Amino acid sequence: MKTYKIAVLPLDGVGKEVIPLAAQAMEKAQRVVGGFGLEMQTWEAGVEYAVRTGRMMPENLKAELDEADAILCGSGGHYDLEMQKTDYPGYQIGVHIAGFLRGGMGNTIGLRPLKLLNGLACPLKNVEEIDVFLVRQLTEGHYVNPGRIISDDAAYDTMVVTR
């Protein structure tokens with residue numbers, strides 16, 4: 001039986017509520033469907049982590065994610081409405097967790113296959129002929145270069161967009 005190593009990154013805000021529930025749903029699906037195992041390891045990263053530590057993620061996170069078969073990831077971002085944008089850790093330290101996960105991990109697209117599980121009722125006709133993949137590019141713009149604050153008086157933000 002194949003066991004899949006899943007890195008779980010709740011990240012910030014609502015991700016801390018939603019991602020544990022998604023992990024529970026995956027574990028339930030594994031028990032119902034069977035034939036494979038799941039080994040889940042949860043990691044802290046993101047804005048809330050950066051406010052506490054001065055880093056967007058643990059130093060060894062990239063190596064750990066490289067070892068995983070998949071990453072279950074919540075949303076990372078500005079979680080404190082009282083925090084000024086110039087105090088946002090990603091701008092101060094020049095690293096955004098989303099940019100790292102998209103570009104820094106070598107991802108060029110977000111590919112999301114949509115499949116129906118066997119045995120579930122579906123209102124659509126000819127279900128066996130449905131083959132859907134959602135594709136989203138992740139290599140340009142704010143996905144990989146969110147800008148950086150240099151001082152209280154200066155910042156830069158560049159964005160490359162190609163045809």
Side-chain angles (χ1 to χ4, degrees), residues 1-81 83 85 88-118 120 130-148 157-162:
M1 177 173 75
K2 171 86 171 140
T3 297
Y4 296 93
K5 185 175 180 181
I6 311 296
V8 180
L9 296 170
L11 298 180
D12 301 310
V14 71
K16 292 187 173 203
E17 298 172 32
V18 173
I19 293 303
L21 297 174
Q24 288 175 11
M26 289 174 61
E27 289 169 337
K28 174 120 187 195
Q30 180 269 326
R31 289 191 302 273
V32 170
V33 174
F36 66 95
L38 294 174
E39 176 187 320
M40 296 197 189
Q41 172 70 43
T42 300
W43 297 94
E44 281 191 279
V47 174
E48 295 173 25
Y49 179 83
V51 168
R52 283 194 329 272
T53 67
R55 300 178 49 87
M56 284 300 251
M57 60 192 170
E59 197 168 311
N60 64 331
L61 184 60
K62 182 177 184 335
E64 295 293 337
L65 296 179
D66 284 342
E67 294 294 317
D69 295 303
I71 302 170
L72 176 60
C73 188
S75 59
H78 194 65
Y79 75 99
D80 184 349
L81 296 178
M83 182 186 292
K85 192 69 171 176
Y88 184 74
Y91 285 98
Q92 295 294 330
I93 61 180
V95 176
H96 286 259
I97 193 70
F100 165 74
L101 291 169
R102 292 173 178 141
M105 292 293 294
N107 298 316
T108 57
I109 63 168
L111 183 62
R112 296 173 175 99
L114 304 174
K115 296 183 180 187
L116 296 172
L117 295 176
N118 290 334
L120 295 180
I130 297 173
D131 189 9
V132 179
F133 285 86
L134 296 178
V135 181
R136 180 177 171 192
Q137 73 82 21
L138 303 173
T139 60
E140 294 182 341
H142 290 286
Y143 286 125
V144 294
N145 186 10
R148 183 169 177 140
D157 190 0
T158 59
M159 180 168 50
V160 175
V161 179
T162 62

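All values below come from the heavy atoms of this structure, side chains included, with hydrogens, waters and symmetry mates left out. This is a predicted model, so every value here is computed, not measured.
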Worksheet, complete the sentence: Residue set satisfying salt bridge (Lys or Arg N to Asp or Glu O under 4.0 Å) with Lys16, at least two apart, ordered chain then number -> Glu48
Practice prompt. Please list, chain by chain and in numerical order, all residues satisfying side-chain contact (heavy atoms from CB on, under 4.5 Å) with Val32, sequence neighbours excluded.
Written response: Lys28
Fill in: Of all pairs that satisfy side chain to side chain donor-acceptor pair (under 3.5 Å), the ones with a partner from residues 32-47, not counting sequence neighbours
Glu44-Arg52
Worksheet item: In chain order, what residues pass the side chain to side chain donor-acceptor pair (under 3.5 Å) check against Asp66, with sequence neighbours excluded?
Response: Lys62
Response to the item:
Residue set satisfying side-chain contact (heavy atoms from CB on, under 4.5 Å) with Leu134, at least two apart, ordered chain then number -> Arg112, Leu114
Practice prompt. Could you please spell out the steps behind the side chain to side chain contact (heavy atoms under 4.5 Å, CB included) verdict for Leu9 and Ile19?
Written response: CA-CA 8 Å; Leu9 296 170; Ile19 293 303; over 6 Å; no
Discussion item. Any heavy-atom pair between the side chains of Pro113 and Val132 that's under 4.5 Å?
Written reply: no
Worksheet entry | side chain to side chain donor-acceptor pair (under 3.5 Å) partners for Arg31, two or more places apart | none
Worksheet item: Asp12 side chain to Val47 main-chain N or O, any donor-acceptor pair under 3.5 Å?
Response: yes
Fill in: N/O donor-acceptor pair under 3.5 Å between Gln30 side chain and Phe36 backbone
yes
Discussion item. Does Met40 form a side chain to side chain contact (heavy atoms under 4.5 Å, CB included) with Lys5? I'd like the steps, not just the answer.
Written reply: CA-CA 6 Å; Met40 296 197 189; Lys5 185 175 180 181; over 6 Å; no
Worksheet entry | Note, Leu11 side chain near Cys73 side chain (heavy atom, < 4.5 Å) | yes
Worksheet item: Of the non-hydrogen atoms in Pro20 and Gly15, which two are nearest, and what is the gap between them?
Response: CD-O, 3.6 Å
Worksheet item: With a 4.5 Å heavy-atom cut-off, do Ile71 and Ile6 have their side chains touching?
Response: no
